[in-house]
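Shown next, in C-alpha coordinates, is the structure this report addresses.
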Amino acid sequence: MTNTEIPQVVEVNCTTGELVYRPMNEQELAQREIDNNAWEAEQVAILAEKERVAALKTSARNKLVAGEPLTAEEASVLVI
Amino acid sequence: MPNPTYTLIERITLASETNTFNFVSIPQSYYDLRLHISARSTGTGGTGMDLFFYVNGYTTQYRSVMVYNTSNTAGGGVANGLSGTGASGTESPWGGGVIPTSSAIASGFSNGMILIPGYTNTTNLARRSFGYDGTYPTSGTGMITQTLVGTQQMNPAAVNRVTLTVRNSNMVVGSSVSLYGCTNT
(Lines give C-alpha, C1' and ligand atoms only; values in the text may rest on other atoms or scores of the structure.)
Protein backbone atom coordinates (compact mmCIF):
# COMPACT_ATOMS: atom_id res chain seq x y z
CA MET A 1 0.00 0.00 0.00
CA THR A 2 1.45 3.36 -0.96
CA ASN A 3 0.72 6.58 0.88
CA THR A 4 -1.45 7.82 -1.98
CA GLU A 5 -3.89 4.90 -1.88
CA ILE A 6 -6.96 5.24 0.31
CA PRO A 7 -7.31 2.16 2.55
CA GLN A 8 -10.45 0.11 2.19
CA VAL A 9 -13.04 -0.78 4.83
CA VAL A 10 -15.35 -3.79 4.74
CA GLU A 11 -18.49 -3.43 6.80
CA VAL A 12 -21.25 -5.91 7.55
CA ASN A 13 -24.58 -5.11 9.16
CA CYS A 14 -25.12 -8.01 11.56
CA THR A 15 -28.88 -7.45 11.60
CA THR A 16 -29.53 -7.25 7.86
CA GLY A 17 -26.49 -9.14 6.56
CA GLU A 18 -25.67 -6.30 4.15
CA LEU A 19 -21.96 -6.26 3.23
CA VAL A 20 -20.19 -3.28 1.68
CA TYR A 21 -16.63 -2.42 0.69
CA ARG A 22 -15.85 1.30 0.77
CA PRO A 23 -12.85 3.63 1.02
CA MET A 24 -11.99 5.04 4.45
CA ASN A 25 -13.69 8.33 5.21
CA GLU A 26 -11.79 11.39 6.45
CA GLN A 27 -12.48 10.64 10.10
CA GLU A 28 -11.20 7.09 9.75
CA LEU A 29 -8.09 8.26 7.91
CA ALA A 30 -7.37 10.78 10.66
CA GLN A 31 -7.83 8.12 13.34
CA ARG A 32 -5.53 5.78 11.45
CA GLU A 33 -2.84 8.44 11.53
CA ILE A 34 -3.40 9.02 15.26
CA ASP A 35 -3.16 5.30 16.02
CA ASN A 36 -0.04 4.80 13.94
CA ASN A 37 1.68 7.76 15.61
CA ALA A 38 0.63 6.57 19.07
CA TRP A 39 1.92 3.08 18.30
CA GLU A 40 5.30 4.46 17.26
CA ALA A 41 5.48 6.61 20.40
CA GLU A 42 4.62 3.55 22.45
CA GLN A 43 7.49 1.56 20.94
CA VAL A 44 9.93 4.35 21.78
CA ALA A 45 8.58 4.47 25.35
CA ILE A 46 8.84 0.69 25.77
CA LEU A 47 12.43 0.64 24.55
CA ALA A 48 13.38 3.56 26.80
CA GLU A 49 11.82 1.84 29.82
CA LYS A 50 13.65 -1.42 29.10
CA GLU A 51 16.94 0.44 28.79
CA ARG A 52 16.28 2.40 32.00
CA VAL A 53 15.54 -0.75 34.01
CA ALA A 54 18.54 -2.58 32.53
CA ALA A 55 20.84 0.32 33.48
CA LEU A 56 19.45 0.38 37.02
CA LYS A 57 20.01 -3.37 37.41
CA THR A 58 23.57 -3.09 36.16
CA SER A 59 24.29 -0.25 38.54
CA ALA A 60 22.67 -2.08 41.45
CA ARG A 61 24.68 -5.25 40.81
CA ASN A 62 27.93 -3.30 40.60
CA LYS A 63 27.16 -1.53 43.88
CA LEU A 64 26.26 -4.79 45.63
CA VAL A 65 29.56 -6.34 44.55
CA ALA A 66 31.43 -3.26 45.72
CA GLY A 67 29.53 -3.11 49.01
CA GLU A 68 28.08 0.30 48.28
CA PRO A 69 24.57 1.43 49.26
CA LEU A 70 21.84 1.31 46.60
CA THR A 71 19.47 4.12 45.75
CA ALA A 72 15.77 3.48 46.33
CA GLU A 73 15.25 3.27 42.55
CA GLU A 74 18.02 0.67 42.18
CA ALA A 75 16.62 -1.37 45.05
CA SER A 76 13.16 -1.27 43.50
CA VAL A 77 14.32 -3.18 40.40
CA LEU A 78 15.87 -5.93 42.54
CA VAL A 79 13.29 -6.29 45.33
CA ILE A 80 9.55 -6.84 44.81
CA MET B 1 -21.55 -20.32 32.01
CA PRO B 2 -22.13 -24.08 32.33
CA ASN B 3 -23.44 -24.79 28.80
CA PRO B 4 -21.94 -22.34 26.31
CA THR B 5 -23.20 -22.62 22.73
CA TYR B 6 -21.71 -20.47 19.99
CA THR B 7 -23.71 -19.24 17.01
CA LEU B 8 -22.12 -17.66 13.95
CA ILE B 9 -23.50 -14.13 13.58
CA GLU B 10 -21.45 -13.04 10.56
CA ARG B 11 -18.22 -14.00 8.81
CA ILE B 12 -16.32 -11.72 6.44
CA THR B 13 -13.75 -13.24 4.08
CA LEU B 14 -11.85 -10.63 2.12
CA ALA B 15 -12.31 -10.57 -1.64
CA SER B 16 -9.78 -7.74 -2.00
CA GLU B 17 -7.03 -6.21 0.14
CA THR B 18 -8.63 -4.30 2.99
CA ASN B 19 -7.45 -2.35 6.02
CA THR B 20 -10.47 -2.54 8.32
CA PHE B 21 -13.24 -4.95 9.32
CA ASN B 22 -16.44 -3.41 10.73
CA PHE B 23 -19.26 -5.40 12.35
CA VAL B 24 -22.21 -3.06 13.01
CA SER B 25 -25.73 -3.45 14.44
CA ILE B 26 -24.66 -6.47 16.48
CA PRO B 27 -27.68 -8.25 18.00
CA GLN B 28 -27.99 -7.76 21.74
CA SER B 29 -29.43 -11.23 22.36
CA TYR B 30 -26.31 -13.19 23.42
CA TYR B 31 -24.24 -13.36 26.60
CA ASP B 32 -20.76 -13.06 25.10
CA LEU B 33 -19.18 -12.20 21.76
CA ARG B 34 -16.21 -13.98 20.25
CA LEU B 35 -14.25 -13.04 17.12
CA HIS B 36 -12.04 -15.52 15.30
CA ILE B 37 -9.31 -13.84 13.31
CA SER B 38 -7.49 -15.54 10.46
CA ALA B 39 -5.51 -12.80 8.77
CA ARG B 40 -2.26 -11.83 7.13
CA SER B 41 -0.84 -8.34 6.56
CA THR B 42 0.63 -6.95 3.36
CA GLY B 43 3.25 -5.20 5.51
CA THR B 44 6.96 -5.95 5.39
CA GLY B 45 9.88 -5.63 7.76
CA GLY B 46 9.24 -7.61 10.91
CA THR B 47 7.16 -10.80 10.90
CA GLY B 48 4.23 -9.35 12.89
CA MET B 49 1.87 -6.42 12.44
CA ASP B 50 -0.40 -5.03 15.18
CA LEU B 51 -4.17 -4.95 14.99
CA PHE B 52 -6.13 -2.11 16.55
CA PHE B 53 -9.49 -3.06 18.05
CA TYR B 54 -12.33 -0.63 18.76
CA VAL B 55 -15.71 -1.15 20.37
CA ASN B 56 -18.66 1.13 19.56
CA GLY B 57 -16.38 3.38 17.54
CA TYR B 58 -14.64 4.65 20.69
CA THR B 59 -11.13 5.72 19.78
CA THR B 60 -9.77 6.70 23.20
CA GLN B 61 -9.69 5.56 26.81
CA TYR B 62 -8.29 2.08 26.23
CA ARG B 63 -5.81 0.42 28.59
CA SER B 64 -3.99 -2.58 27.16
CA VAL B 65 -1.28 -4.91 28.34
CA MET B 66 0.38 -7.21 25.84
CA VAL B 67 2.57 -10.21 26.52
CA TYR B 68 4.11 -12.28 23.77
CA ASN B 69 6.26 -15.37 23.46
CA THR B 70 8.55 -16.29 20.62
CA SER B 71 10.31 -19.61 20.33
CA ASN B 72 11.59 -22.09 17.78
CA THR B 73 12.14 -24.85 20.34
CA ALA B 74 9.41 -27.17 21.52
CA GLY B 75 8.74 -26.55 25.16
CA GLY B 76 10.77 -23.38 25.08
CA GLY B 77 9.53 -19.89 24.95
CA VAL B 78 10.22 -16.94 27.15
CA ALA B 79 8.24 -13.86 27.90
CA ASN B 80 10.26 -11.32 26.01
CA GLY B 81 7.79 -8.57 25.48
CA LEU B 82 5.65 -6.53 27.80
CA SER B 83 3.71 -3.51 26.70
CA GLY B 84 1.51 -1.46 28.97
CA THR B 85 -0.12 1.27 26.95
CA GLY B 86 -1.69 2.80 30.04
CA ALA B 87 1.65 2.83 31.81
CA SER B 88 3.26 4.93 29.13
CA GLY B 89 0.33 7.32 29.00
CA THR B 90 -1.00 6.46 25.55
CA GLU B 91 -4.51 5.24 25.03
CA SER B 92 -4.83 3.98 21.50
CA PRO B 93 -6.98 0.93 20.96
CA TRP B 94 -4.52 -1.82 20.14
CA GLY B 95 -6.13 -4.74 21.83
CA GLY B 96 -6.55 -6.73 18.66
CA GLY B 97 -3.41 -8.83 18.66
CA VAL B 98 -0.80 -9.36 15.98
CA ILE B 99 -0.94 -10.98 12.54
CA PRO B 100 1.86 -12.17 10.24
CA THR B 101 3.31 -9.94 7.54
CA SER B 102 4.70 -10.64 4.09
CA SER B 103 8.05 -11.18 5.82
CA ALA B 104 6.68 -14.15 7.78
CA ILE B 105 6.51 -17.70 6.41
CA ALA B 106 4.68 -17.86 3.07
CA SER B 107 0.90 -18.12 3.20
CA GLY B 108 0.81 -18.14 7.00
CA PHE B 109 -2.27 -16.68 8.67
CA SER B 110 -2.98 -15.77 12.27
CA ASN B 111 -5.08 -18.01 14.49
CA GLY B 112 -6.53 -15.76 17.14
CA MET B 113 -9.67 -14.82 18.95
CA ILE B 114 -11.09 -11.94 20.93
CA LEU B 115 -13.57 -12.61 23.71
CA ILE B 116 -15.94 -9.87 24.88
CA PRO B 117 -17.70 -11.30 27.93
CA GLY B 118 -21.05 -9.88 28.97
CA TYR B 119 -21.08 -7.43 26.07
CA THR B 120 -24.60 -6.14 26.81
CA ASN B 121 -24.16 -5.93 30.56
CA THR B 122 -23.91 -2.42 32.00
CA THR B 123 -24.94 -3.09 35.60
CA ASN B 124 -22.33 -2.15 38.19
CA LEU B 125 -19.76 -1.94 35.44
CA ALA B 126 -17.10 0.75 35.38
CA ARG B 127 -15.14 -0.57 32.40
CA ARG B 128 -15.59 -2.87 29.42
CA SER B 129 -13.03 -5.70 29.34
CA PHE B 130 -11.95 -7.92 26.48
CA GLY B 131 -8.97 -10.04 25.59
CA TYR B 132 -7.04 -11.39 22.62
CA ASP B 133 -5.38 -14.81 22.56
CA GLY B 134 -3.65 -15.98 19.41
CA THR B 135 -0.65 -17.16 17.49
CA TYR B 136 0.91 -16.59 14.10
CA PRO B 137 3.64 -18.40 12.20
CA THR B 138 6.88 -16.52 11.75
CA SER B 139 9.74 -17.77 9.64
CA GLY B 140 10.15 -21.51 9.75
CA THR B 141 8.75 -24.88 10.75
CA GLY B 142 7.31 -24.72 14.23
CA MET B 143 8.26 -21.10 14.70
CA ILE B 144 5.32 -19.16 16.03
CA THR B 145 4.69 -16.08 18.08
CA GLN B 146 2.02 -16.20 20.75
CA THR B 147 0.34 -13.00 21.79
CA LEU B 148 -1.95 -12.30 24.73
CA VAL B 149 -3.59 -8.90 25.14
CA GLY B 150 -5.85 -7.74 27.93
CA THR B 151 -7.74 -4.50 27.38
CA GLN B 152 -10.16 -2.34 29.29
CA GLN B 153 -12.20 0.45 27.75
CA MET B 154 -13.42 3.10 30.16
CA ASN B 155 -16.93 3.40 28.72
CA PRO B 156 -18.95 0.29 29.63
CA ALA B 157 -21.87 0.87 27.23
CA ALA B 158 -23.34 -2.24 25.60
CA VAL B 159 -21.29 -3.25 22.56
CA ASN B 160 -23.14 -2.96 19.25
CA ARG B 161 -20.18 -2.38 16.94
CA VAL B 162 -16.65 -3.77 16.72
CA THR B 163 -13.80 -2.71 14.44
CA LEU B 164 -10.50 -4.38 13.61
CA THR B 165 -7.91 -2.43 11.67
CA VAL B 166 -4.33 -3.35 10.83
CA ARG B 167 -1.48 -0.91 11.38
CA ASN B 168 0.17 0.71 8.41
CA SER B 169 -0.81 -1.96 5.84
CA ASN B 170 -3.73 -4.00 4.51
CA MET B 171 -5.02 -7.49 5.18
CA VAL B 172 -4.62 -9.87 2.25
CA VAL B 173 -7.33 -11.56 0.19
CA GLY B 174 -8.62 -14.60 2.06
CA SER B 175 -8.23 -13.05 5.49
CA SER B 176 -11.38 -13.61 7.51
CA VAL B 177 -13.01 -12.55 10.73
CA SER B 178 -15.92 -14.50 12.20
CA LEU B 179 -18.23 -13.06 14.84
CA TYR B 180 -19.95 -15.52 17.18
CA GLY B 181 -22.57 -14.99 19.83
CA CYS B 182 -22.60 -17.21 22.90
CA THR B 183 -25.71 -18.40 24.70
CA ASN B 184 -26.13 -20.64 27.73
CA THR B 185 -28.26 -23.53 26.45
Side-chain angles (χ1 to χ4, degrees), chain A residues 1-61 72-80, chain B residues 8-28 33 41-44 49-54 57 59-60 62 64 66 80-94 160-171 175-177 179 181:
Chain A
M1 184 172 60
T2 67
N3 290 333
T4 56
E5 294 175 346
I6 297 176
Q8 184 169 238
V9 175
V10 61
E11 184 166 299
V12 65
N13 183 313
C14 297
T15 300
T16 66
E18 181 185 12
L19 180 78
V20 294
Y21 285 84
R22 59 172 175 79
M24 272 189 171
N25 60 36
E26 288 187 12
Q27 183 181 358
E28 290 165 334
L29 286 168
Q31 187 61 45
R32 179 172 176 268
E33 187 72 14
I34 290 169
D35 289 342
N36 284 336
N37 290 339
W39 183 91
E40 289 174 7
E42 167 87 353
Q43 303 311 303
V44 172
I46 290 170
L47 182 60
E49 177 65 9
K50 285 181 176 176
E51 290 175 348
R52 185 188 73 84
V53 170
L56 282 172
K57 286 182 175 179
T58 299
S59 176
R61 287 192 197 102
E73 197 175 23
E74 288 166 341
S76 70
V77 300
L78 297 180
V79 180
I80 295 174
Chain B
L8 179 65
I9 299 173
E10 286 289 346
R11 173 178 295 136
I12 304 173
T13 302
L14 292 184
S16 60
E17 288 185 2
T18 299
N19 177 265
T20 299
F21 286 88
N22 266 343
F23 293 84
V24 305
S25 300
I26 296 171
Q28 303 292 289
L33 292 178
S41 162
T42 59
T44 57
M49 189 66 79
D50 290 69
L51 293 174
F52 301 141
F53 182 66
Y54 308 90
T59 55
T60 60
Y62 292 82
S64 295
M66 174 187 288
N80 60 357
L82 176 61
S83 166
T85 59
S88 65
T90 53
E91 296 185 0
S92 280
W94 51 82
N160 58 27
R161 174 189 184 100
V162 297
T163 301
L164 267 173
T165 180
V166 64
R167 185 181 71 82
N168 206 28
S169 59
N170 281 321
M171 286 177 266
S175 296
S176 75
V177 178
L179 176 65

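Convention: sequence-line order gives letters A, B, ...; per-chain numbering from 1.
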Checklist entry - Rounded to the nearest 0.5 Å, how far does CD of A:Q31 lie from OH of B:Y54? => result 4.0 Å

Checklist entry - Shortest non-hydrogen contact from A:Y21 to B:T13? => result OH-O, 3.7 Å

Item to check | Side chains of A:E28 and B:T20, donor plus acceptor under 3.5 Å | outcome: no

Item to check | Nearest-0.5 Å distance, CG of residue A:D35 to OH of residue B:Y62 | outcome: 9.5 Å

Checklist entry - How close do B:E10 and A:G17 get, heavy atom to heavy atom, and via which atoms? => result OE2-CA, 3.5 Å

Item to check | Heavy-atom pair of closest approach, residues B:N168 and A:N36 | outcome: N-OD1, 3.6 Å

Checklist entry - Where is the tightest heavy-atom contact between A:T15 and B:S25, given as atom of each residue plus distance? => result OG1-O, 2.7 Å

Checklist outcome for this item: For A:Q8 and B:S16, the nearest pair of non-hydrogen atoms, with its separation, is NE2-OG, 2.9 Å

Checklist entry - Taking only residues two or more places apart in sequence, or in another chain, which ones meet A:E11 in a side chain to side chain donor-acceptor pair (under 3.5 Å)? => result A:R22, B:N22

Checklist outcome for this item: Heaviest contributor of heavy-atom pairs below 4.5 Å to chain A, chosen from B:L179, B:L14, B:I9, is B:L14

Item to check | Derivation of the side-chain contact (heavy atoms from CB on, under 4.5 Å) call for B:T165 and A:M24 | outcome: CA-CA 11 Å; B:T165 180; A:M24 272 189 171; 4.3 Å; yes

Next on the checklist: So, using side chain to side chain contact (heavy atoms under 4.5 Å, CB included) as the criterion, who are the partners of A:E74 when residues are at least two apart?
Outcome noted: A:L56, A:S59, A:A60, A:K63, A:L70, A:T71

Checklist entry - Checking heavy atoms, do the side chain of A:E33, its backbone, both or neither come under 4.5 Å from chain B? => result neither

